[in-house]
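Taking it in order: structure first as C-alpha cells, then the write-up.
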Number of protein chains: 2
Amino acid sequence: MAPTEKAPPKPRKEPRQARAKVTVDAIFEATLQLLLTDGPRRLTTTRVAHRAGVSVGTMYQYFPNKEALIFALNARYLDALAERIETVCRNMAGSRAEAMVAALIDCYWQAKTERADVTRALYRSVAELDNSSLIEAFAERVDTATQAMLASAPDLAGREATPLALTLVTVIFGTVRNAFERGLSPAEVAHLKGELCSMCQVYLRAR
Amino acid sequence: MAPTEKAPPKPRKEPRQARAKVTVDAIFEATLQLLLTDGPRRLTTTRVAHRAGVSVGTMYQYFPNKEALIFALNARYLDALAERIETVCRNMAGSRAEAMVAALIDCYWQAKTERADVTRALYRSVAELDNSSLIEAFAERVDTATQAMLASAPDLAGREATPLALTLVTVIFGTVRNAFERGLSPAEVAHLKGELCSMCQVYLRAR
DNA sequence: ACCTGAACACCGTTCAAGT
DNA sequence: ACCTGAACACCGTTCAAGT
C-alpha cells in the first residue's frame, strides 16, 4: 500500500575531468539559485541547464533525472550540516551536560537561521520526493555524535546516553524546525530558544 | 528576493447544486487515494479526474489549478485537526497543568499516528507549494485554544499563559512531527512520547 | 570523456460546445 | 449550473551526432 516509487536517485556518474567537475558545480549552483529566486515549482531542467551554461543533455549525464538532482543538492546540504554538529559535539566533550545541550541548540539554530532562505528552499524542494533515507542518515550521525558527547559529561553518570540522545535530538531538532516553519517574530524566536534551552536543562537535572 | 509565487490558491467557485457537491467530494477523495497509492509525483490532473469519474474540465471548474486542489485538501485536514485539539483544550479547562500538557500531547500524537499514511502523504503533497498561510492559521488556532486552557489551570497562577502556550505548542508539535519523519521503532516512539511528556511537566513545575 | 539540441511522450490548462 | 474532451504550450527525458 506504500507509495510505489523508485529507489532514492543517485548521481549517474562521477565527473572525471576538471571541466566536468566545474559543470556539476555550476549545475548545483544554478539549481540553488533558481530555487531561491523562483521557488520549486518553476524549477525546470531547461532553466537549470541554461543558468548553468550547459545543455540539458549534459545535466542528464550526471543526474538520471530531475529528482536525483534535487536529492543530491539536499544530500550535500545535510552532509555539511551533520559535519558542523559533529564538530560541536567533539568540542564539547567533557563539559557539563547543560552546556552541551546549550551548544547543540545553538549550533542547529544558527545553521538554520544564518541562511534561512536556503533552509526553506531546500525543505520545499525535497519534500515531493522520498527523502527518508537522507533524513535517517542525517539523524543517525547526529544521534551518534550526541551520544558520544553525553557519555563524556561528568554530571550525567548513571544515565544511559542512548535514549537520552534520542529524546534530546528529536525534541531540539523538531522544535527548531517547527519554530522555523511558523512565522514567528524575532522576539518570539529569541524567547522560544531560551525556553527550549532551559526546558532541556531542567529535564537533564530531573530524576 | 523571496520566491515570486502566486497568492495562496483558493477554490474557484463553491458548488451550488447537490451533484456539484458530490463531484467536489469525489475529486478530494480521488486525490487522497492517488496520493496514498502512487505518491505526489504521480499525481496528475488527468488521473485525479479519471479516478473521480469526471473530466479534467470539471476539475478546473472548482480548482483554478493543481496547486489549489492540494492546498484545499490540506486545508480540510488541518481544519479537522484544529477542531479536535480545540475540543480537547475545552474539555481540559480547570484541570491541573500537567494533565493539560499530557492531554495535548496525546491528542496530537494520536491524530498523527492513527492515519500515519495520510499524514505523511499530505506532508509531502503540500511541501512544494507555499503553505505558510495554512500553517499560520492552524498554529494560531492551537495557540489560542492552548492559552485559554492554560489560563484556567489552578496550579499555574502567576505565569503568563501566552508565552507559555507558544513554547509548549512549538516544542510539542515540532517534536511529534520530527519523531514522525524519522523512522523510529515503536519502542523508541513510545519512550519518546513519555519523555516529551515528563519534559514538559518538569518544565511547568520549574521556576 | 564530455557536450549539444532537436525530437518525443506526457502533463497542466483552456475553451468552444454540449446537457 | 454543470459537464466534456480535443487542442495547445511547455516540461522531462532521450539519443544520434559532434569535439
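As rounded to whole Å, 10 Å separates atom C1' of C:dT4 from atom CD of A:Q61. Following rounding to the nearest Å, B:M59 (CE) and D:dG5 (C1') show an atom-to-atom distance of 14 Å.
Remark: A:T23 is in phosphate contact with C:dC3, judged by side-chain N or O atoms under 4.0 Å from OP1 or OP2. Within the structure, a side-chain polar atom (N or O) of A:T58 is placed less than 4.0 Å from OP1 or OP2 of C:dT4.
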Dot-bracket encoding per residue of DNA chain D, Watson-Crick/G-U cut-off under 3.5 Å, | denoting interstrand: ||.|||||...|||||.||
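Counting heavy atoms from C-beta outward, B:V118 and B:L36 have side chains that approach closer than 4.5 Å. With contacts defined as side-chain heavy-atom distances shorter than 4.5 Å, the pair A:C200/A:I172 qualifies.
Between A:D117 and A:R115 there is a salt bridge, with a side-chain nitrogen of the basic residue lying less than 4.0 Å from a carboxylate oxygen of the acidic one. B:E86 has no carboxylate O lying under 4.0 Å from a charged side-chain N of B:R90, or vice versa, which leaves the two without a salt bridge. Checked for salt-bridge contact, A:R41 and B:D130 miss the test: no charged N lies under 4.0 Å from a carboxylate O. Remark: B:E188 does not engage B:R182 in a salt bridge, criterion side-chain N to carboxylate O under 4.0 Å.
Ring centroid separation for the pair A:Y123 and A:Y77 does not come in under the 6.0 Å cut-off.
Residue A:V56 is classed as a base contact, given a heavy-atom separation below 4.0 Å to a base.
Side-chain atoms of A:Y62 lie closest to C:dC2 of the nucleotides D:dC2, C:dC2, C:dT4.
With a 6.0 Å cutoff to the six-membered ring centre and a 45° limit on the axis angle, B:R159 counts as a cation-pi contact of B:Y203.
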All N/O contacts under 3.5 Å from nucleotides 9-12 of chain C to the protein, with atom names and distances to one decimal?
from: C:dG12; atom 1: OP1; to: B:K66; atom 2: NZ; distance (Å): 2.9
from: C:dG12; atom 1: OP2; to: B:T45; atom 2: N; distance (Å): 2.7
from: C:dG12; atom 1: OP2; to: B:T45; atom 2: OG1; distance (Å): 2.9

